[in-house]
Amino acid sequence: MTGDQQGFGKGCHLHLIDGSAFIFRAYHALPPLTRKSDGLPIGAVAGFCNMLFRYVEGNKGPDAPTHVAVIFDHSSKTFRNEIYPAYKANRPELPEDLRPQFPLTRDATRAFNIACIETEGYEADDIIATLSCKARDAGGRVTIISSDKDLMQLIGDGVVMFDAMKNKTIDRDEVFEKFGVAPERVVDVQALAGDSVDNVPGAPGIGIKTAALLITEYGDLETLLDRAGEIKQPKRREALVNNADLIRVSKRLVQLDCETPLDFSLESLEVLAPEPEVLLPFLTEMEFRTLTKRVADSLKVAAPVAQAAPEAEVAAPEVLPFEAAGYEAVTTAEALAEWVARIRARGYVAFDTETTSLDEMRADLVGISLAVEAGRACYIPIGHRAGGGDLFASDSLVEGQLPLAEVLAALKPVLEDPSILKIGQNMKYDAKIMARLGVTVAPIDDTMLMSYAMHGGLHNHGMDELSERYLNHRPIPIKDLIGSGKSAVTFDRVAVADAVKYAAEDADVTLRLWQLFKPRLHRAQVTTVYETLERPLIPVLAEMEMHGIQVDRDTLSRMSNAFAQKMAGLEAEIHELAGGPFNVGSPKQLGEILFDRLGVPGGVKGKTGAYATGADVLEDITTLEDSQPQGARLAARLLDWRQLSKLKSTYTDALQDHINPETGRVHTSYSIAGANTGRLASTDPNLQNIPVRSEEGRRIREAFVAPEGRVLVSLDYSQIELRILAHVAGIPALKQAFEQGHDIHAMTASEMFNVPLDQMTPEIRRQAKAINFGVIYGISGFGLARNLRIPRGEAQGFIDRYFERFPGIRAYMDDTIAFAKAHGYVQTLFGRKIHTPEINAKGPGAGFAKRAAINAPIQGTAADVIRRAMIRMPQAIAGLDAKMLLQVHDELLFEVAEADAAALTQAAKEVMEAAAAPAVHLSVPLTVEAGQGQSWSAAH
DNA sequence: CTCGTCACG
DNA sequence: GACGTACGTGACGAGT
């Protein structure tokens with residue numbers, strides 16, 4: 001549109017891309033990829049190229065830019081360091097695998113035929129500022145592609161920002177929302193508020209909110225500083241009066257330079273189409289196969305043939321397209337025999353089942369899909385039934401399917417053959433389905449768990465997500481076949497032709513993921529984790545889940561009725577107190593009644609505009625007996641009602657529905673790859689959160705029972721996370737206390753408060769206990785204060801004293817955060833990696849990430865320990881009439897014949913206490929406490 | 001389908 | 001008195 005235009009001027013639209021932001025985002029969004037041929041770190045370059053390509057593709061419309069440039073930081077030393085040496089001084093070191101990628105991102109930019117700009121001694125932000133001023137003055141429009149708040153000062157007439165991550169334009173309104181002032185005054189606010197990330201000092205105690213207030217009141221920074229003496233609040237006044245010079249320096253630090261020298265003209269930034277003969281060779285050299293192909297498609301030229309990679313087989317899945325033509329239905333004995341032969345010849349097979357339910361204990365097999373090479377897969381329909389719900393929908397099987405017995409007879413030898421590897425995505429599911437048909441699937445690999453071992457913390461590990469991420473392919477959604485919500489049908493009602501496309505594709509995707517992941521496991525150094533902590537858990541958990549636990553329906557039912565009665569009474573009382581009926585279960589209605597109608601003070605509205613009415617809020621209200629007797633009583637009744645409501649709806653009612661009609665027992669399902677830290681998660685139902693803390697709730701455990709002649713045995717690790725903390729942080733006093741079997745919380749209290757153990761009070765011990773737990777969670781003064789309901793300053797004092805007394809804890813925390821910042825992950829003692837992609841983010845996200853990073857190695861190591869115990873357990877108790885039923889993070893629950901109870905307790909205890917060895921030698925002992933009884937309540 | 005709430009370690 | 005804050009989960013009912 002500007003081909004006939006000579007200079008840069010009216011009608012032109014300049015895009016300025018913040019290159020560094022692209023690089024860092026790319027680096028943290030992707031796993032640490034390396035170039036296959038020589039191991040060169042390439043992840044950031046790959047992400048950068050993908051982003052540039054997406055940018056180019058996305059900017060072809062009517063509002064396309066006429067000019068564009070990517071701007072980079074040249075070096076970390078700039079004129080700002082002369083003004084203030086500490087500027088950006090506390091920036092963490094660059095990850096070592098990132099720096100060598102910087103020159104490649106410049107090459108990539110040029111390869112896309114986009115101007116690539118950097119200037120010695122200036123930050124990218126200054127060049128962006130200079131260019132955008134020039135372009136605007138010339139009458140053009142400017143879009144800055146970045147979300148960096150430091151650039152927001154440039155926004156104004158003709159200049160906007162665009163946050164490519166959120167796909168959102170940032171204009172004056174957004175700036176006002178963020179800084180409370182117009183873009184012209186942003187530097188004034190930043191100068192006052194400072195910036196801890198860039199080490200801009202600002203005025204102590206003044207944040208953005210206060211700064212915006214002051215600037216709005218006084219007009220601008222200079223006026224404010226001149227008249228600072230008039231400020232009423234003494235702290236603010238002093239902060240400004242005493243730091244005027246520092247604030248002026250801060251302003252020079254945040255003020256972008258619009259006069260950086262440029263050795264090129266705006267015209268030279270004209271948008272040019274990428275030249276295939278430049279771009280494609282670059283991408284090929286980087287060995288970005290998928291991107292090369294996509295770019296070639298977009299440029300409508302043939303993709304260059306990649307250099308023969310040493311691992312040609314691994315390269316295959318990324319190149320082959322997904323096509324239904326490669327998928328077939330197997331409906332004859334001959335075809336099935338052929339597939340069996342193919343599997344035997346290959347030595348491995350991707351395997352997937354289709355069933356009528358997500359609940360493996362109720363699901364019926366509908367079909368099986370297999371794949372032995374990328375792009376070629378089959379589906380064996382077995383249990384498809386006629387009709388989609390019409391009047392004549394019969395239960396009769398669709399014609400032309402092989403009988404189940406025949407399919408099993410042909411496949412069982414393969415599925416059980418120790419020389420043939422069976423590959424699945426979430427194999428526990430398929431293994432359970434097959435186990436119920438008498439087939440033990442082994443040996444196995446599981447792509448979900450491979451991904452979990454490599455990418456834990458980066459993303460989830462469901463097949464659709466993995467396929468999109470790593471194969472650039474979006475599989476057919478199951479919704480397309482069975483619908484969703486109320487109108488959903490079961491898979492057996494899906495037409496065979498449709499099922500073939502869907503199911504064969506799943507096996508195909510699984511196989512390709514495996515081909516991709518298998519060699520990467522090793523490079524990511526998580527093979528041991530996968531092979532010792534993930535994969536062997538599959539049969540162990542499958543066994544536990546299938547066995548289930550006996551739950552007494554009558555007990556639950558009686559409790560439900562009792563709860564219902566009590567709730568009805570409370571409800572009447574609550575309505576009386578409220579002055580009318582309302583939905584007691586609605587936090588919204590409750591908040592309005594408490595704070596608006598009854599006038600209880602202190603109502604706080606959350607971001608959705610509703611009052612917070614959580615238990616802590618209601619508890620505070622119950623103490624207002626003098627000023628708000630009605631509100632206090634209402635809050636007290638409500639707390640009681642809520643407790644009963646929770647117990648009834650989530651436990652006594654819902655658990656009854658989970659009793660399997662065939663087995664009469666409750667079968668949970670554990671997700672191995674659900675929790676980031678390595679913990680298991682229990683679903684449908686969740687048996688890891690059965691009440692125990694309150695007396696009323698604990699009675700629910702009376703319904704979990706052992707059958708006649710058997711007992712439940714519960715074994716739980718004592719203080720396992722604190723012991724691990726004592727080990728990893730190397731705290732002699734804690735270790736000694738554990739070795740001598742002392743009360744760890746009392747010991748901590750004694751050390752901290754200088755109280756002899758024999759004079760310990762429960763209150764002091766309680767505080768020390770809260771601090772001990774706080775440390776594991778990445779303690780903060782605020783959090784501890786809220787937990788203990790003490791003033792913040794006091795809580796901070798506790799923490800300071802704790803760190804003073806146990807300096808190793810501080811060091812552990814600092815080291816862990818530094819490690820996470822440098823590597824993007826933290827590790828358990830057993831080598832499990834937990835990625836922390838947010839750790840280098842700005843804003844409040846970083847705080848979360850830091851605390852999670854501190855907690856993850858501790859919680860994760862404990863999770864690894866009990867996993868190891870569980871994996872060894874079947875062997876250890878093989879001779880006993882005993883079954884492991886449940887895991888609750890630090891507890892294992894067994895059902896055992898009365899005669900074997902003592903032997904089981906001893907054997908299982910030994911396994912648990914020795915579970916860390918030999919891989920890790922803990923410098924603290926692990927101890928296990930045991931209990932037994934007819935019910936879980938009695939065993940605990 | 002998201003939010004607030006609350007059950008567990 | 002910058003922000004918002006203990007870590008990790010799953011299930012429920014209400015309200016959009």
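Hydrogens, waters and symmetry mates play no part in the numbers below; they use all other heavy atoms, side chains included. Just so it is clear, the model here is predicted, and its values are computed rather than measured. In what follows, chains are A, B, ... by sequence order, proteins preceding strands, each numbered from 1.
- The one candidate from Arg723(A), Glu913(A), Gln719(A) that meets the side-chain hydrogen bond (donor to acceptor under 3.5 Å, both in side chains) condition with Thr927(A) is Arg723(A).
- Comparing the same atom, P, in dC3(C) and in dA7(B) gives a spacing of 31 Å after rounding to whole Å.
- Residue contacts for Asn787(A): at a heavy-atom cut-off of 4.0 Å it reaches a base atom on one of the strands shown.
- Looking at Arg868(A), Arg867(A), Lys428(A) one by one, the single match for salt bridge (Lys or Arg N to Asp or Glu O under 4.0 Å) with Glu534(A) turns out to be Arg867(A).
- Remark: Lys251(A) pairs with Asp188(A) by the salt bridge (Lys or Arg N to Asp or Glu O under 4.0 Å) rule, at least two apart or across chains.
- Looking at Arg642(A) and Thr613(A), their side chains do bring a donor and an acceptor atom within 3.5 Å of each other.
- With both ends at atom P, the span from dA6(C) to dT2(B) equals 22 Å, rounded to whole Å.
- Across all strands, Ile776(A) comes closer than 4.0 Å to no nucleic acid atom at all (heavy-atom distances).
- Of all nucleotides in DNA chain B having an atom under 4.0 Å from a heavy atom of chain A, the first and last in 5' to 3' order are dC3(B) to dG9(B).
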Once base and sugar-phosphate atoms are separated, protein heavy atoms under 4.0 Å mark nucleotides 9-16 of chain C, 5' to 3', with B, S and - as SBBSSSSS
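- Comparing dA2(C), dT5(C), dA6(C) by their nearest atom to the side chain of Thr210(A) picks out dA2(C).
- In this structure, dC3(C) is classed as syn because its glycosidic torsion stays within 90° of zero.
- Arg792(A) comes within 4.0 angstrom of a nucleotide base, judged by non-hydrogen atoms across all strands.
- If you check every strand for non-hydrogen atoms under 4.0 Å, Gly778(A) touches nothing.
- Side-chain polar atoms of Asp684(A) and Ser669(A) form no donor-acceptor pair below 3.5 angstrom.
- Residue contacts for Arg693(A): at a heavy-atom cut-off of 4.0 Å it reaches a base atom on one of the strands shown.
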Annotated structure of DNA chain C as dot-bracket, pair cut-off 3.5 Å, Watson-Crick or G-U only, | for inter-strand, is ......|||||||||.
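- No option in Arg832(A), Arg679(A), Lys833(A) other than Arg832(A) meets the salt bridge (Lys or Arg N to Asp or Glu O under 4.0 Å) test with Asp864(A).
- By the 4.5 Å heavy-atom criterion applied to side chains, Leu885(A) and Leu712(A) are counted as neighbours.
- Remark: Arg786(A) is in phosphate contact with dA6(C), judged by side-chain N or O atoms under 4.0 Å from OP1 or OP2.
- Crowding of Lys209(A) atom NZ: a count of heavy atoms from other residues, nucleotides or ligands under 6.0 Å not exceeding 12.
- What separates CD of Glu721(A) from C1' of dC7(C) is a distance of 8 Å, to the nearest Å.
- Closest-nucleotide positions on DNA chain C for Pro204(A) and Ser780(A) were compared, and the one nearer the 5' end corresponds to Pro204(A).
- Classification of the His745(A)-Phe773(A) ring pair by plane angle, with boundaries at 30° and 60°, yields tilted.
- Ser714(A) and Glu891(A) share a side-chain donor-acceptor pair at under 3.5 Å.
- Within residues 851-864 of chain A, the residues having any heavy atom under 4.0 Å from DNA chain C are, by residue number, Arg851(A), Ala852(A), Asn855(A), Gln859(A).
- Across all strands, Ala770(A) comes closer than 4.0 Å to base atoms (heavy-atom distances).
- A side-chain N or O of Thr668(A) and one of Ser682(A) form a donor-acceptor pair less than 3.5 Å apart.
- Remark: Thr216(A) engages Val181(A) in a side chain to side chain contact (heavy atoms under 4.5 Å, CB included) (not counting sequence neighbours).
- Taking atom P in both dG4(C) and dC8(B), the straight-line distance is 30 Å, to the nearest Å.
- In terms of heavy-atom proximity, Ala191(A) sits nearest to Ile247(A) at CB-O, 3.8 Å.
- Side-chain N/O atoms of Glu721(A) and Asn855(A) include no donor and acceptor closer than 3.5 Å.
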